[in-house]
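Okay, so here's the structure we're looking at.
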Amino acid sequence: SQQGEEDPQALSIQEGENATMNCSYKTSINNLQWYRQNSGRGLVHLILIRSNEREKHSGRLRVTLDTSKKSSSLLITASRAADTASYFCATGNFNKFYFGSGTKLNVKP
Amino acid sequence: GAVVSQHPSWVICKSGTSVKIECRSLDFQATTMFWYRQFPKQSLMLMATSNEGSKATYEQGVEKDKFLINHASLTLSTLTVTSAHPEDSSFYICSASDRLRRAGGEKLFFGSGTQLSVL
């Protein structure tokens, strides 16, 4: 991808379990964002973490950022079948936004 | 949240024809809009950055004469795929950021995408 890699590429879990996705990026950043995409649709913004933050929470989402390793992780706790989607990290600014390769999450009911 | 409308949702065309895709920000002013291309099961590839009233900035490898971008107003950007060929078949997505940062200027708001199939 233009941005970097995410792993795993695909993740299948049971409802109620936690899902962790990782993202690595290539350049210096001001912030890192996570987006969700349902199949064949546009993306929806989930959460933004700034470069001076190490961890951020929003509902069942927890994001960490390690700028020294140029990596971030997204944790979804107590997953639901409705969380089934692809998840992408993104970095950029007003001029450019690049996305990671994405993780396809399947939550089995 | 801010709304971005993209039309059409899908289009089928013959080789050699041109296809125009519209992207509108409905309730905010978008100084900058981004156009992405997505192949099945892959990530979004940034094609170009479109600034209102100026020429678009294309990513390396993207043909500007092939993918014409016009950002004539703060609420409308268009992507025209000229002389389309089967290899242009893809999912095209536009996005925009809120100029006034009412919704957090660094966030992107996405259209629902356009599936282009060239026969």
Side-chain angles (χ1 to χ4, degrees), chain A residues 1-11 21-27 29-53 56 58 63 65 84-106, chain B residues 1-7 9-10 21 23 25 30-52 54 56-62 90-101 103-117:
Chain A
S1 71
Q2 290 168 313
Q3 154 64 280
E5 300 303 315
E6 290 182 52
D7 74 271
Q9 290 186 343
L11 180 60
M21 291 159 264
N22 303 295
C23 160
S24 61
Y25 56 91
K26 297 176 180 176
T27 61
I29 61 171
N30 293 321
N31 64 72
L32 184 141
Q33 304 179 42
W34 284 88
Y35 288 81
R36 166 197 168 122
Q37 182 183 34
N38 285 69
S39 182
R41 305 290 295 173
L43 279 70
V44 175
H45 181 270
L46 294 177
I47 192 168
L48 179 153
I49 185 166
R50 300 192 186 283
S51 59
N52 60 353
E53 298 176 309
K56 196 163 184 179
S58 176
V63 169
L65 178 65
T84 294
S86 291
Y87 292 82
F88 296 91
C89 64
T91 62
N93 52 39
F94 288 107
N95 296 318
K96 291 182 187 293
F97 268 90
Y98 292 117
F99 286 82
S101 52
T103 294
K104 188 173 176 64
L105 173 65
N106 178 35
Chain B
V3 177
V4 173
S5 175
Q6 183 174 344
H7 292 281
S9 298
W10 56 270
I21 302 170
C23 181
S25 57
T31 309
T32 304
M33 288 188 174
F34 303 91
W35 287 95
Y36 292 89
R37 181 174 183 176
Q38 187 178 32
F39 291 103
K41 300 182 181 180
Q42 294 190 25
S43 185
L44 284 74
M45 296 295 293
L46 178 63
M47 298 175 66
T49 302
S50 164
N51 292 296
E52 183 262 337
S54 63
T57 302
Y58 289 81
E59 292 296 295
Q60 191 172 9
V62 178
S90 188
F91 191 59
Y92 293 87
I93 311 177
C94 70
S95 65
S97 57
D98 187 338
R99 177 193 189 198
L100 297 179
R101 296 196 177 193
E106 298 132 314
K107 295 181 191 176
L108 285 185
F109 300 96
F110 283 83
S112 54
T114 298
Q115 181 64 51
L116 171 63
S117 296

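In what follows, chains are A, B, ... by sequence order, proteins preceding strands, each numbered from 1. Model, not experiment: these values are computed from the prediction.
For A:R36, the side chain to side chain donor-acceptor pair (under 3.5 Å) partners at least two apart in sequence or on another chain are A:N38, A:Y87. The ring pair (Phe, Tyr, Trp, His ring centres under 6.0 Å) test applied to B:F91 returns no partner, not counting sequence neighbours.
For a residue to count as touching a neighbouring chain, one of its non-hydrogen atoms must lie under 4.5 Å from one of that chain's; by this rule B:Q6 does not touch chain A. With a 4.5 Å cut-off on non-hydrogen atoms, A:Q9 does not touch chain B at all. With a 4.5 Å cut-off on non-hydrogen atoms, B:Q115 does not touch chain A at all.
Between A:Y98 and A:Y25, the distance from one ring center to the other does not fall under 6.0 angstrom. The distance between the ring centers of B:F39 and B:Y92 does not fall below 6.0 angstrom.
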